Colleague: 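Following this message is one structure expressed as structure tokens.
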Amino acid sequence: MKLNNRAQNCAECEFMKKYDYGKKIYYCDHVDRIDDMGKLGVGELPEVSPMWCPLREKKSE
């Protein structure tokens, strides 16, 4: 697999989920993520997706 040059925005991603226990906790719910927790941020989302994001990769054509 090859890294995609386009940085994925988590705010636009269908796999971004959040829950609120006093603070908003954002996480990735994609089954192929390599980060077990999938934590994206507390209080706000990062501007670009983390390097472990499975959507940053694409098959080379």
Side-chain angles (χ1 to χ4, degrees):
M1 291 193 152
K2 172 180 163 180
L3 279 182
N4 187 351
N5 289 332
R6 184 175 105 69
Q8 177 75 24
N9 183 340
C10 293
E12 300 170 353
C13 183
E14 65 182 296
F15 298 106
M16 186 278 298
K17 306 291 183 203
K18 71 176 176 180
Y19 58 90
D20 192 346
Y21 290 120
K23 292 185 179 179
K24 291 180 184 171
I25 311 293
Y26 297 94
Y27 67 99
C28 176
D29 198 31
H30 196 287
V31 296
D32 292 333
R33 69 178 187 266
I34 58 173
D35 180 86
D36 288 337
M37 296 294 290
K39 187 174 179 180
L40 298 170
V42 177
E44 61 184 49
L45 282 168
E47 291 185 23
V48 295
S49 63
M51 292 305 294
W52 52 259
C53 175
L55 300 180
R56 288 179 74 122
E57 297 181 0
K58 69 175 187 177
K59 292 180 182 177
S60 57
E61 298 176 46

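These values consider heavy atoms only, across backbone and side chains, with no hydrogens, waters or symmetry-generated copies. What you are looking at is a predicted structure, and each value in this text was computed from that prediction instead of being measured.
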Colleague: Could you measure the distance from the CD atom of Glu12 to the CG atom of Leu55? Nearest 0.5 Å is fine.
Modeller: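 The CG atom of Leu55 is 12.0 Å from CD of Glu12, to the nearest 0.5 Å.
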Colleague: Might you point out which heavy atoms bring Met16 and Leu40 nearest each other, and give the distance in Å?
Modeller: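 Heavy-atom minimum between the residues: CG-CD1, 3.9 Å.
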Colleague: Would you tabulate the side-chain donor-acceptor contacts of residues 26-38 under 3.5 Å, counting partners in other chains and residues two or more places apart, or write 'none'?
Modeller:
from, atom 1, to, atom 2, distance (Å)
His30, ND1, Asp32, N, 2.9
Arg33, NE, Asp35, O, 2.9
Arg33, NH1, Cys28, O, 2.9
Arg33, NH1, His30, O, 3.3
Arg33, NH2, Asp36, O, 2.9
Asp35, OD2, Met37, N, 3.3
Asp35, OD2, Gly38, N, 2.6

